[in-house]
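Report on the following structure.
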Number of protein chains: 2
Amino acid sequence: MKHAQQPVTTNERFGVRIDVAGTFSNSFASGPNVIKTLPEQLAEKLVELIINGVFEPGQRLHEVGLAEQFSVSRGPVREALRLLEREGLVTMASRKGAAVTQLTSKNLRDIFSVRSALMGICAEELARHQSAEVQSTLDEGTRALFVAHEAGDVAGFLVVVYQVSMYVAEASGNEIAKSILFSLGRQTLSITRRVFEVPEHRLMWATDWKEIAEAIRAEDPVRARQSVRRLLDDTSKAAVAIYE
Amino acid sequence: MKHAQQPVTTNERFGVRIDVAGTFSNSFASGPNVIKTLPEQLAEKLVELIINGVFEPGQRLHEVGLAEQFSVSRGPVREALRLLEREGLVTMASRKGAAVTQLTSKNLRDIFSVRSALMGICAEELARHQSAEVQSTLDEGTRALFVAHEAGDVAGFLVVVYQVSMYVAEASGNEIAKSILFSLGRQTLSITRRVFEVPEHRLMWATDWKEIAEAIRAEDPVRARQSVRRLLDDTSKAAVAIYE
DNA sequence: GATTATCTTAATGTCAACAATCTAATTTTT
DNA sequence: AAAAATTAGATTGTTGACATTAAGATAATC
């Protein structure tokens, strides 16, 4: 009798822990929804395990195994899996169980295409209603990118990429776009990690990003959108190439 | 002892039934996933009841009530509600239960903004890889729009609008964008219905749509995107105005 | 009479067991 | 020996019951 997966003692196998706290509170939450229900806690743990690569794509996720591992019943596990299914991180088939989603290269292209469009409108919005605080945050992010790149710190670079991307989504004020971008960002995290192992890709990303920050500073929405598009298209090509 | 809602005898209160079949099969479904599990069936029924206005925004959705109403246990009902939560149609708060999501005007604007961006890339893609079949389908839709408009058939107009919009999403080939557009489209259905009660709004929509179809026929991606943007922006303004 | 505290009720959160179904190994037949 | 059928095991689907918590009503106090 073997379990689907060993007990997990660490979730820092790759040295990167991306913060996903607060992820499963409803997008339209009409107030402080601090109370985390058990399925939500489980979902967050599972997200960490998946995006950090402990659970590999395609791996089956048995309900009883997970229930024993987390010392809960199957009910909450099922609900957590449903949550992750809607996030796209887990694929469920009726009577066949759940598994970590395995993206196809077509999925990858589609996801990057959607991210491009949504990041585009967020950047546009930011270019229209920018502020000194926004600008300094973007500049700080740009600096951090180049620092991490030159230091060859892949893990650190990835974290900064995630943070600055999510900052644009957050600062744009569009809750719907933000929610979707968070979700799609997580789905591509493991592939993005591999993209940034190539120094040239890090430099490309940092350079493209710098252009975006400048477009926002210049309060040029169209240029901001086009810059975002270039960034995501470049990243998409790199990701698809590595993925195949 | 009163239940939250009366037994539902009809789901055609507004004379419009929008087909939402196949909605809850996974976006990345890797094959014929015809087997519908009980929660999915429940979710589809609930979607119909919500978007057709039988369950009004803000209305509480008690698990036991729904369970009795549909003659199932609370388990499947819970999972169905979770599904709808991710769709944005219901809002759940821990220990407080579920309720039909009540959009704010800010939510409305954000949703239309996202729809605009995503429909934009779908139309772009369609303009690049169009075909005779695509063109005839678009033309047919345009004709149906004007027919329904002139006949004053609000319900019919709404159905055609939904169908042609979803066709663009479908035909673009971008599964991710399609999935999101389906979801967001449902969330705005009840408001869109009220928008189209105004004849001028119907004419506006039909006219804007005709322009999109022509841009796609002309294989002009940029023009197609801009036309889509105009359509959604116009609709957004009308919807927000009516909503307040 | 208004306010606060307590209590009752009802709803949600969680669990364990039963039923249905799929997978895979074993056996039987050609 | 290979292929098909059957059977055993494991896994998911569903249910009902129990525990916990929030909301409303009642009563007591200021």
Side-chain angles (χ1 to χ4, degrees), chain A residues 1-6 24-26 29-46 55 58-86 89-101, chain B residues 1-6 24-26 29-46 55 58-86 89-101:
Chain A
M1 169 188 182
K2 75 174 173 68
H3 282 158
Q5 59 278 326
Q6 327 280 318
F24 287 96
S25 51
N26 196 313
S30 53
N33 192 8
V34 281
I35 306 103
K36 287 273 197 305
T37 184
L38 217 157
E40 286 169 355
Q41 295 176 21
L42 284 174
E44 288 185 2
K45 284 180 185 171
L46 288 173
F55 290 165
Q59 181 174 334
R60 288 288 311 278
L61 297 173
H62 298 288
E63 295 178 358
V64 283
L66 294 174
E68 287 178 8
Q69 188 168 338
F70 292 109
S71 303
V72 292
S73 179
R74 273 179 55 218
V77 171
R78 278 180 74 85
E79 296 198 21
L81 289 175
R82 275 252 125 84
L83 255 40
L84 295 188
E85 184 192 17
R86 271 296 124 187
L89 285 171
V90 163
T91 306
M92 295 180 83
S94 50
R95 291 275 173 203
K96 285 193 171 183
V100 179
T101 299
Chain B
M1 169 186 179
K2 74 174 175 69
H3 280 159
Q5 59 277 327
Q6 329 281 318
F24 287 96
S25 51
N26 196 313
S30 53
N33 192 9
V34 281
I35 306 105
K36 288 273 196 304
T37 183
L38 217 157
E40 286 169 357
Q41 295 176 20
L42 284 175
E44 288 184 3
K45 286 180 185 170
L46 288 173
F55 290 166
Q59 180 174 335
R60 286 288 312 278
L61 298 172
H62 298 288
E63 295 178 358
V64 285
L66 295 173
E68 287 178 8
Q69 189 169 337
F70 292 109
S71 303
V72 293
S73 180
R74 275 180 53 219
V77 171
R78 280 180 72 84
E79 296 197 21
L81 289 175
R82 276 253 125 84
L83 254 41
L84 296 187
E85 184 192 16
R86 271 298 123 187
L89 285 171
V90 310
T91 307
M92 296 180 83
S94 50
R95 289 278 171 202
K96 286 193 172 183
V100 180
T101 299

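Reckoned from all heavy atoms, side chains included, excluding hydrogens, waters and symmetry mates. Each chain gets a letter, A, B and so on, in the order the sequences are listed, and its residues count up from 1.
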Salt-bridge criterion met for R82(A) and E85(A) (N-O under 4.0 Å): yes

So, OP1 or OP2 of dA22(D): does either fall under 4.0 Å of a side-chain N or O from R60(B)? no

Figure out the CD/C1' separation between E68(B) and dA11(C), and round it to whole Å. 12 Å

Report which part of the nucleic acid G75(A) touches: base, sugar-phosphate, or nothing (heavy-atom distance under 4.0 Å, all strands). nothing

What's the CD-P distance between E40(B) and dT12(D), to the nearest Å? 15 Å

Within less than 4.0 Å of OP1 or OP2 of dT12(D), is there a side-chain N or O belonging to H62(A)? yes

Whole-Å gap separating P (dA16(C)) and CD (E63(A)): 15 Å

Would you say that L66(B) contacts L46(B) through its side chain, given a criterion of any heavy-atom pair below 4.5 Å between the two side chains? yes

Is there a donor and acceptor pair, one atom on the side chain of R95(B) and one on the base of dT20(D), closer than 3.5 Å? yes

Between P of dA19(C) and CG of L38(B), the distance in whole Å: 17 Å

Gap between atoms CD and P, on Q41(A) and dT14(C) respectively (whole Å): 8 Å

Length of the CG-P vector between L61(B) and dA11(C), whole Å: 13 Å

Mind calculating the distance between CD (E79(A)) and P (dG13(D)) to the nearest angstrom? 13 Å

Sorted by position of nearest nucleotide on DNA chain C, 5' first, the leading residue of P76(A) and A98(B) is A98(B)

Name all residues meeting the side-chain contact (heavy atoms from CB on, under 4.5 Å) criterion together with A67(B); count only those two or more places apart in sequence or in a different chain, and write none if there are none. R74(B), V77(B)

Between K96(B) and dA23(D), does any side-chain N or O lie under 4.0 Å from OP1 or OP2? yes

Taking side-chain contact (heavy atoms from CB on, under 4.5 Å) as the test, write out the residues that go with A98(A), two or more places apart. L61(A), L81(A), V90(A), M92(A)

Starting at CZ of F70(A) and ending at P of dT14(C), how long is that distance when rounded to a whole Å? 15 Å

Check the phosphate of dT12(D) against R74(A), side-chain N and O only, distance under 4.0 Å to OP1 or OP2. Yes or no? no

What's the shortest heavy-atom distance between G58(A) and A99(A), and which atoms? O-CB, 4.1 Å

